[in-house]
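Quick notes on the structure that follows.
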Amino acid sequence: MQPTTTASTRINIDGERLWRSLMDMAAIGPSPNGGSRRLALTEEDIAGRLQFRQWVEALGCRCRLDEAGNLFVRREGRDTSLAPVAFGSHLDTQPLGGRFDGVLGVLAGLEILRSLHERDVRTRRPLELVVWTNEEGSRFAPAMGGSGVYAGRLETSDFFHAEDADGIRLADALEASGQRGDLPLGTPVLDAYFELHIEQGPVLEQSGDPLGVVTGVQGIRWFDVRISGQSAHAGPTPMSHRRDPLLAAADGLVAIRDDVEADPSGDARLTIGELKVTEPSRNVIPAEVNLTIDLRHVDDTRLDELEAMLYRRLDAAASKAGVSVDIERRWRSPVTPFDPDLIASLDTAARERGLSLPHMMSGAGHDAVNVSHVAPTVMLFTPCRDGISHNEAEFAEPEHCALGAQVLCDAILARANRA
């Protein structure tokens, strides 16, 4: 008899098995203090992908790689002519990252496939579990690269020619690792996309909610800044004769911080992720400094205003110090609303499990942002301890991981079995 299911069928996932999978993946590429280090397309990342492939291939699923190394795991439905319902996230991490960022979404998807397999349940539509390439952007910039070229929101040249700190091109890393496939970019076309993720902030923990339905993602802009002055001896050069790019950077950044903190909504975010002095020496005024700026807001108009302010503040600081400044906007991701019908589907799935979940905006960028431009998309958040992420101390409670996977499973089944 052909295995079937209906929209009303309930599948209960195994939370303990999900937790074991999370810990097994964390054992691949462990960082010194209990976190994870699997930079995109390194040996550790590939080892994690290979372990994942072994898990899903044991379920009879079909694995395909596209030209960007995005991994698509297909579980066929009863009607193979229909577009698949997709879900997933990423397995690559920050240099000193956590065990849950991205990984939870992938392994929750694995647990859903395992639960369907052991119960011999077949959905009407096919299912597609996705592992996106280079989500973190910690080795190759920009972030969310694999989903970006899949959705056509990132130029393929910018993706493939991106270089890491050692000058290795992403295209070459794909070839060397065997992760470049032949599935054309943009395929398969998806019916819908769900992504489970840790919040990476403190809101859910503070409110005591076990999950949150994500209605959209705030806008993000990345900038590379180079400030050039003149090197000179630290002793003989009077302060009035100096052209110090580092002090100019300090003046400009303090001014930008003050403007961001004065934002009346409290939704503005400023991060200086990197600050490097070219050829540093203790007793030499630096000739050049390079830094990165990450600017975010939930309103694109306000983000435009903050970007204009950033240019004005840095120009003013450079002029005052007698140095030059060059600002390049490396990446722009607009405020992204998610699909109302999929938001409602998560609300329904939660309500049928006795939950009433808050709605919230995401403060971090995710692959779901890119996918939302080509398919209906939604996200579901679990709390993380103290709101800490991109950190070895990152932690999510086992019961929250299990509950998130369960609500995700229920919503995916309802979508995949609809008429």
Side-chain angles (χ1 to χ4, degrees), residues 3 11 13-31 35-77 84-93 97-123 126-136 146-147 150 173-183 188 194-197 367 398 401-402 404-405 408-409 412:
I11 298 293
I13 64 99
D14 186 336
E16 292 183 0
R17 181 170 57 191
L18 169 59
W19 188 258
R20 289 195 301 271
S21 300
L22 287 164
M23 296 305 102
D24 288 343
M25 184 59 68
I28 300 173
S31 63
S36 294
R37 181 184 178 89
R38 292 189 301 274
L39 300 185
L41 302 176
T42 58
E43 290 183 7
E44 294 81 7
D45 184 33
I46 303 311
R49 282 173 163 241
L50 291 176
Q51 174 62 83
F52 171 74
R53 288 190 65 152
Q54 290 177 12
W55 285 335
V56 294
E57 288 172 349
L59 305 176
C61 296
R62 180 164 58 104
C63 294
R64 296 165 296 163
L65 288 165
D66 73 6
E67 295 169 354
N70 296 314
L71 174 59
F72 293 88
V73 177
R74 181 93 162 192
R75 187 176 194 271
E76 288 295 356
V85 174
F87 42 99
S89 194
H90 61 96
L91 291 173
D92 66 307
T93 74
R99 297 173 290 171
F100 302 89
D101 176 2
V103 185
L104 174 59
V106 173
L107 298 187
L110 168 65
E111 175 53 35
I112 291 170
L113 297 184
R114 282 173 164 168
S115 297
L116 294 174
H117 177 75
E118 66 189 12
R119 292 166 178 78
D120 201 23
V121 168
R122 186 69 58 182
T123 53
L127 301 179
E128 203 86 49
L129 174 52
V130 190
V131 179
W132 301 106
T133 303
N134 189 45
E135 192 276 349
E136 292 292 357
S147 60
Y150 165 84
L174 276 172
E175 294 289 353
S177 63
Q179 295 301 298
R180 183 163 188 170
D182 55 10
L183 192 65
F194 294 79
E195 185 168 340
L196 176 66
H197 207 280
D367 290 309
C401 295
L408 186 76
C409 178
I412 287 170

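In this structure, E43 places its CD atom where only 12 or fewer heavy-atom neighbours from other residues, nucleotides or ligands lie under 6.0 Å away.
Note that CG of L18 is 4.5 Å distant from CG of L22, once rounded to the nearest 0.5 Å. Within the model, atoms CH2 of W19 and CG of L104 stand 9.5 Å from one another, a figure rounded to the nearest 0.5 Å. With rounding to the nearest 0.5 Å, the separation of CG in L183 from OH in Y150 is 9.0 Å. If you take CG on L107 and CG on L129, they are separated by 8.5 Å, rounding to the nearest 0.5 Å. Expressed to the nearest 0.5 Å, how far CG of L113 lies from CD of E118 amounts to 11.5 Å. Note that the CZ atom of F100 and the NE2 atom of H197 stand 12.5 Å from one another [nearest 0.5 Å].
Side-chain atoms of N134 and H90 form no donor-acceptor pair, as typed in the model, at a separation below 3.5 Å.
Minimum interatomic distance between R99 and S36 (heavy atoms only, all atoms of both residues): CG-OG, 3.7 Å. Pairing each heavy atom of G178 with each of L65, the nearest pair is O-CD1, 3.9 Å. The two residues W55 and S21 have their closest heavy-atom pair at CH2-O, 3.9 Å. Of all heavy-atom pairs spanning E44 and R37, the tightest one is CB-O, 3.5 Å. When all heavy atoms are compared, the tightest approach of G146 to N70 is O-ND2, 2.9 Å. Residues E195 and S89 share a closest heavy-atom pair of OE2-OG, 3.0 Å.
Residues R17 and E111 are paired through a salt bridge, judged by an N-O separation under 4.0 Å between the basic side chain and the carboxylate.
Remark: the backbone N or O of G69 is paired with a side-chain donor or acceptor of T133 at under 3.5 angstrom. Of the possible polar contacts, one joining the D92 side chain to the E136 backbone as a donor-acceptor pair under 3.5 Å is found. R122 places a side-chain N or O within 3.5 Å of a backbone atom of E76 that can act as its donor or acceptor partner. A donor-acceptor contact shorter than 3.5 Å is absent between the side chain of S177 and the backbone of L41. Of the possible donor and acceptor atoms, one in the side chain of R38 sits under 3.5 Å from a partner among the backbone N and O of L91.
Using a 30° and 60° split on the angle between ring planes, W132 and F72 fall in the perpendicular class, above 60°.
The residue from I412, L116, I112 that alone fulfils the side chain to side chain contact (heavy atoms under 4.5 Å, CB included) condition with I11 is L116. A side chain to side chain contact (heavy atoms under 4.5 Å, CB included) with R74 is found for one member of P126, C63, C61 and no other, namely P126.
Partners of F52 by ring-ring contact (aromatic ring centres under 6.0 Å, His included), not counting sequence neighbours: none found.
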